[in-house]
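In each ligand, atom 1 is the first atom listed, and ligand 1 is the first ligand listed.
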Amino acid sequence: MTNIPSLMRAAVTRDWNDIQIEQVPVPDIESGEVLVRVGACGICGTDLKILAGLYQGYWPPSLPFIQGHEWAGTVAALGDGVVGLQVGDRVTAENHQGCGTCVNCRSGRYNLCEGAGTGNSAHKIYGHSSQGAFAEYAVRPARLLHKLPDTVSFEEGTLVNQGALGLHAIHRCGIEPGDTVAVIGPGLIGLVTMQLAKAFGAARVIVVGHGPRLDLARELGADDLVDGTKGNSTEGLRALTNGRGVDCVFECAGTPAAIKTALSSVKRGGRIALIGLTGNQLIDVNMDRLTLDEIDVFGVRSSPNSYPELINLITAGKVNVGKLVSRVYPLERIAEAIEAFRNREAGAIRMVVRF
Ligand SMILES: [Zn+2]
Ligand SMILES: [Zn+2]
């Protein structure tokens, strides 16, 4: 390796809700791995929960720890046996590494790796259970890296991680040309999924939410808006579809109320993609409605096999992710960026740390 320092700056989670800028060793690369100089790393809602210690013991397994899983950068060095990448390539990284050998991994569903939670060290979620990218350098297996064209900035590259989740949801749900689609919850994932639905041929996309995010949804191409603070959202969606309901609903809010809206506003024979998490809350559901109206419900987790396609869609201008970067901070101000994100400043779709 040439020009690689032995030490780097990193934001280290020292204790719960205590993140410090420190000098730490640049990680070594092993066979099949790549050292990447981090260009930018986004701050996600999950980062706030990990930082607060809500998943302590497994995300992260122990402290100190380096978080950060939504990022892009430049290849700095290659381990033995890496093909398809060169020093200087611009890349973005998947964070979910399946064990590679279980039945789900071998069928391409590595987001559902059976090695998860079993202590199988081949299963890793970088930034959650293995070292993340709030640091000047990060190491990843080559197969988790995807090239970014020069026209996609590092800041935009940080949004591929969440955007690819939206794309996975689109594939799970199966958008058909001409569909009327509802997106509940215009946060980052909702605002990307909304654009993807149109790119896949939805004739009409209705976004359900409230506040300034609805204005952003309109700016990004939403055809109709339902303000959940100004009446019943199901009635709003039914009124916009002549009482029939929508063909497909993407639930991106993760609240019991939003899930109930999804279930009650989808048409007979419609589809629902559940993307948001409620934190293990129990919800009353009329199961007969699902049976008698043949409602298809799809759980959606992570973004298997979705990065290259999403990068192509961003490059082609089919999805605008640049508008979803709310503010950019230097690494030294990461604690301030986290606080601003928590307080939903500047719309706070995404705060990004730029190196
Ligand atoms: Zn995330
Ligand atoms: Zn596996």
Assign the ring pair His69 / His128 to parallel, tilted or perpendicular, where the plane angle (0 to 90°) is split at 30° and 60°. tilted
Separation between CZ (Arg172) and SG (Cys248), nearest 0.5 Å, reads 12.0 Å
Output for pair (Glu156 CD, Lys323 NZ), nearest 0.5 Å, gives 10.5 Å
Do Thr13 and Gln67 pair up side chain to side chain, a donor and an acceptor below 3.5 Å, judged on atom types alone? yes
Q. Within His123, is some N, O or S atom less than 2.8 Å away from the Zn ion (ligand 2)?
A. no
For SG in Cys113 and SG in Cys105, the angle at the Zn ion (ligand 2) (nearest 10°) is 110°
- Task: Could you tell me whether any N, O or S atom belonging to Glu70 is less than 2.8 Å from the Zn ion (ligand 1)?
- Result: yes
